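Chain letters run A, B, ... following the sequence lines, proteins first, then strands; residues in each count from 1. Just so you know, these numbers come straight off a predicted model, no measurement behind them.
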Amino acid sequence: MNHKPVIAIIGPTGVGKTAISLGLADMYKGEIVSADSRLVYRGMNIGTAKPTLAEQKRVRHHLIDVVEPADDWNLAKYQFAAGVAIENSHNRGKIPFLVGGTGQYITAVLEGWTPPPKSQDIDYRSSLETQAQEMGYENLHRRLEIIDPVSAERIDARNVRRVIRALEIHHVTGLPPSQLRIKSPPDFEILKIGLMLPRDQLYARIDARIEEMMEAGWLDEVETLLSLNIPQGAPSMSAIGYAQLAEYLQGDMELDEALAETRRLTRQFIRRQANWFKPDDPSILWFTNDEGVEEEIERCISTWIDTVPTEA
RNA sequence: GCCGAGGUAGCUCAGUUGGUAGAGCACUUGACUGAAAAUCAAGGUGUCACCAGUUCGAUUCUGGUCCUCGGCA
């Protein structure tokens, strides 16, 4: 198979990506490759709005439930696994639908980011974290200026996490990180479908969805996670809502406050997500998710498929 | 009804010894190449309750009015 179609369904949390992509994947013999940094964790179902088991059965899904909440997960692992999933779908003659709300993951896959292999050194990283606390963030940034002025220019000194990552890359590879920001775009035929809704509608949907999650037993889910003794600071437990409900369960916050905080953080998240995919991006076909969108998108996909070069 | 406290940004409040005002949060925008639901940055906002007086000038001082919250009847 030499034509490699990939259909990306993008949009903020709560806009309705899951429902629509399920219908589309059904219709076009697709498989869903999740692009979501929280759906990878087993046992985090309700609060992540993970597709149900029935839904996962209806259409083949990838990159859901692939690690434990205590495990390490990152962009490099995602990119590798997504690459495999996409290739396998193609080999089966299926169209992979890249669906999710993690802009970094989607962009990395579609643009073919190639971060240096094996550039992680957790010990070095934590020693820098200690230094940042003891000597201040300016100190680390000054060091970055010396080894890589280009990165130092791009990264705000106060963004300690990123300054440290840049120093870490240099420490492991011996090269300035700015020279390692390479893209090698994959040879996919890409269609990007964007789903959107006006902010106020989106916010209202989110508020309602949080209520539904609570009724569905979100608290119990968080309680179970707490019983697993996940290490402090594990990315999984930094998920919106999970962190707040954990605080409530540990007696550090009122439930009302935890839920209000969750709504607030979700709204901020929606705005941050919007930075990855802009309404004026000519490579994205945007649709407002109201009555009849699915038909509109189907027409659009059908037309597009006809233009994809096929094997002779 | 009396006594006390107060009315300043969407919210919680600070402040101006008289020169028309500011923090946090909310909200909006942006960055992002191995934590990304993470991390970080930038930004606007006001009849300073109302009316009058003193003053070159009042949100600030004085008087009155209205409203809110306590306490007492």
With a 3.5 Å limit on both atom pairs, tell me what B:A41 is paired to, counting Watson-Crick and G-U wobble, or say none.
B:U29
Rounded C1' spacing from B:C56 to B:G22 in Å
27 Å
Nearest whole angstrom, please: distance from the P of B:C27 to the CD1 of A:Ile206.
13 Å
Is A:Arg263 touching bases, backbone alone, or none of the nucleic acid, heavy atoms closer than 4.0 Å?
nothing
Touch check for A:Glu129, heavy atoms < 4.0 angstrom, all strands: base, sugar-phosphate only, or nothing?
base
Determine the interatomic distance between P on B:U62 and the same-named atom on B:C27; round to the nearest Å.
40 Å
For B:C25 versus B:U20, give the span between their C1' atoms, rounded off to a whole number of Å.
25 Å
Using whole Å, what does the distance between atom C1' of nucleotide B:A35 and atom CZ of A:Arg38 come to?
8 Å
Which nucleotide in the set B:A37, B:U29, B:C32 lies at the smallest distance from any side-chain heavy atom of A:Ala239?
B:A37
Going by atom types alone, do A:Arg38 and A:Thr13 pair a side-chain donor with an acceptor below 3.5 Å?
no
Can you see if the side chain of A:Lys77 gets near the phosphate of B:A35 - specifically, an N or O under 4.0 Å from OP1 or OP2?
no
Can you tell me how far C1' in B:G43 sits from the matching atom in B:A26, rounded to whole Å?
14 Å
With rounding to whole Å, what would you report as the distance between B:G4 and B:A41 at their C1' atoms?
47 Å
With heavy atoms under 4.0 Å as the rule, sort A:Thr107 into base, sugar-phosphate or nothing.
nothing
Of the options B:A35, B:C40, B:C27, whose atoms approach the side-chain atoms of A:Arg267 most closely?
B:C27
In terms of the angle between their ring planes, are A:Tyr124 and A:His171 parallel, tilted or perpendicular, with boundaries placed at 30° and 60°?
parallel
Sort out for me which residue in A:Leu197, A:Thr266, A:Ile270 forms a side chain to side chain contact (heavy atoms under 4.5 Å, CB included) with A:Tyr203.
A:Ile270
So what does A:Asn275 hit on the nucleic acid, given a heavy-atom distance under 4.0 Å: a base, only sugar-phosphate, or nothing?
base
If you assign each of A:Gly47 and A:Trp276 to its closest nucleotide in RNA chain B, which residue comes earlier from the 5' end?
A:Trp276
Out of B:G34, B:C25, B:A37, which nucleotide sits closest to the side chain of A:Asp36?
B:A37
With distance as the sole criterion, is a donor-acceptor pair present between the side chains of A:Gln131 and A:Arg143 under 3.5 Å?
yes
Using a cut-off of 4.0 Å on non-hydrogen atoms, how would the nucleic acid contact of A:Arg158 be classed: base, sugar-phosphate, or nothing?
sugar-phosphate
Quick one about A:Asp36 and A:Thr102 (side-chain donor to acceptor, distance below 3.5 Å, no hydrogens or angles considered), yes or no?
no
Using distance alone, with no hydrogens and no angle criterion, decide if A:Tyr28 and A:Ser302 have a side-chain donor and acceptor under 3.5 Å apart.
yes
Does any nucleotide pair with B:U62 by Watson-Crick or G-U wobble geometry, both distances under 3.5 Å, and what is it?
B:A52
Base, sugar-phosphate or nothing for A:Trp73? Non-hydrogen atoms, less than 4.0 Å.
sugar-phosphate
Taking atom C1' of B:C25 as reference, at what distance in whole Å does atom CZ of A:Arg264 sit?
7 Å
If you compare every side-chain N and O of A:Arg165 against the phosphate oxygens of B:U39 (OP1, OP2), does one of them come in below 4.0 Å?
no
Taking any heavy-atom pair under 4.0 Å as a contact, classify A:Pro116: base, sugar-phosphate, or nothing.
base
Under the 3.5 angstrom rule, does the side chain of A:Gln273 hit a backbone N or O of A:Gly101 as a donor-acceptor pair?
yes
Check whether any side-chain nitrogen or oxygen of A:Arg162 sits under 4.0 Å from OP1 or OP2 of B:A41, and answer yes or no.
no
Closest-nucleotide mapping onto RNA chain B: is A:Leu39 or A:Leu180 further toward the 5' terminus? I mean the 5' end.
A:Leu180
Base-pairing assignment for B:G1 (Watson-Crick or G-U wobble, both under 3.5 Å)
B:C72
Considering every strand and a 4.0 Å limit on heavy-atom distances, what is the contact class for A:Ser238: base, sugar-phosphate, or nothing?
sugar-phosphate
Paired with B:U20 by Watson-Crick or G-U wobble geometry, both distances under 3.5 Å: which nucleotide is it?
none
Check whether any side-chain N or O of A:Lys278 sits under 4.0 Å from OP1 or OP2 of B:A31, and answer yes or no.
yes
Rounded distance (Å) that lies between atom P of B:A36 and atom CE of A:Met44:
11 Å
In whole Å, measure the gap between the P atoms of B:A5 and B:A9 for me.
22 Å
How far apart are the C-alpha atoms of A:Trp218 and A:Tyr242, what are their side-chain angles, what is the distance that settles it, and do they pass the ring-ring contact (aromatic ring centres under 6.0 Å, His included) test?
CA-CA 9 Å; A:Trp218 193 5; A:Tyr242 286 88; 5.5 Å; yes
Between B:U55 and B:A73, how far apart are the P atoms? Round to whole Å, please.
45 Å
For a quick test of reading the model: is some side-chain N or O of A:Gln104 closer than 4.0 Å to OP1 or OP2 of B:A37?
no
Please pick, from B:C40, B:U33, B:A35, the nucleotide with the shortest atom-to-atom distance to any side-chain atom of A:Pro235.
B:A35
In whole angstrom, what separates A:Gln120's CD from B:A35's C1'?
9 Å
So, does A:Tyr78 get its side chain near the phosphate of B:G34, meaning an N or O under 4.0 Å from OP1 or OP2?
no
Examine B:C40: is either OP1 or OP2 under 4.0 Å from a nitrogen or oxygen in the side chain of A:Arg154? Give yes or no.
no
Distance check, C1' atoms only: B:U29 and B:U54, in whole angstrom units.
47 Å
Within the 4.0 Å heavy-atom criterion, would you say A:Tyr203 contacts the bases, only the backbone, or no part of the nucleic acid?
sugar-phosphate
Looking for any heavy atom pair under 4.0 Å, which part of the strands does A:Asp72 touch: base, sugar-phosphate only, or nothing?
nothing
For B:U47, the Watson-Crick or wobble counterpart (both distances under 3.5 Å):
none
Any donor-acceptor pair under 3.5 Å linking the side-chain atoms of A:Arg60 with those of A:Ser89?
no
What is the nucleic acid contact for A:Ser37, judged by heavy atoms within less than 4.0 Å: base, sugar-phosphate only, or nothing?
base
Tell me which nucleotide, if any, is Watson-Crick or G-U wobble paired with B:A9 when both distances must be under 3.5 Å.
none
Out of B:A41, B:C32, B:C27, whichever nucleotide has its closest atom nearest the side chain of A:Gln268
B:C27
For the side chain of A:Lys192 and the backbone of A:Leu285, is there at least one donor-acceptor N/O pair under 3.5 Å apart?
no
In whole angstrom, give the distance that lies between atom CG of A:Leu75 and atom P of B:A36.
9 Å
Could you tell me the separation between the CG atom of A:Leu144 and the P atom of B:U33, rounded to a whole number of Å?
12 Å
How many whole angstroms separate atom CD1 of A:Ile270 from atom P of B:A37?
13 Å
Across the strands shown, which category fits A:Gln273 at heavy-atom distances under 4.0 angstrom: base, sugar-phosphate, nothing?
nothing
Scan A:Gly233 against the nucleic acid and name what it touches under 4.0 Å (heavy atoms): base, sugar-phosphate only, or nothing.
nothing
Would you mind classifying the nucleic acid contact of A:Ile169 as base, sugar-phosphate or nothing, using non-hydrogen atoms under 4.0 angstrom?
sugar-phosphate
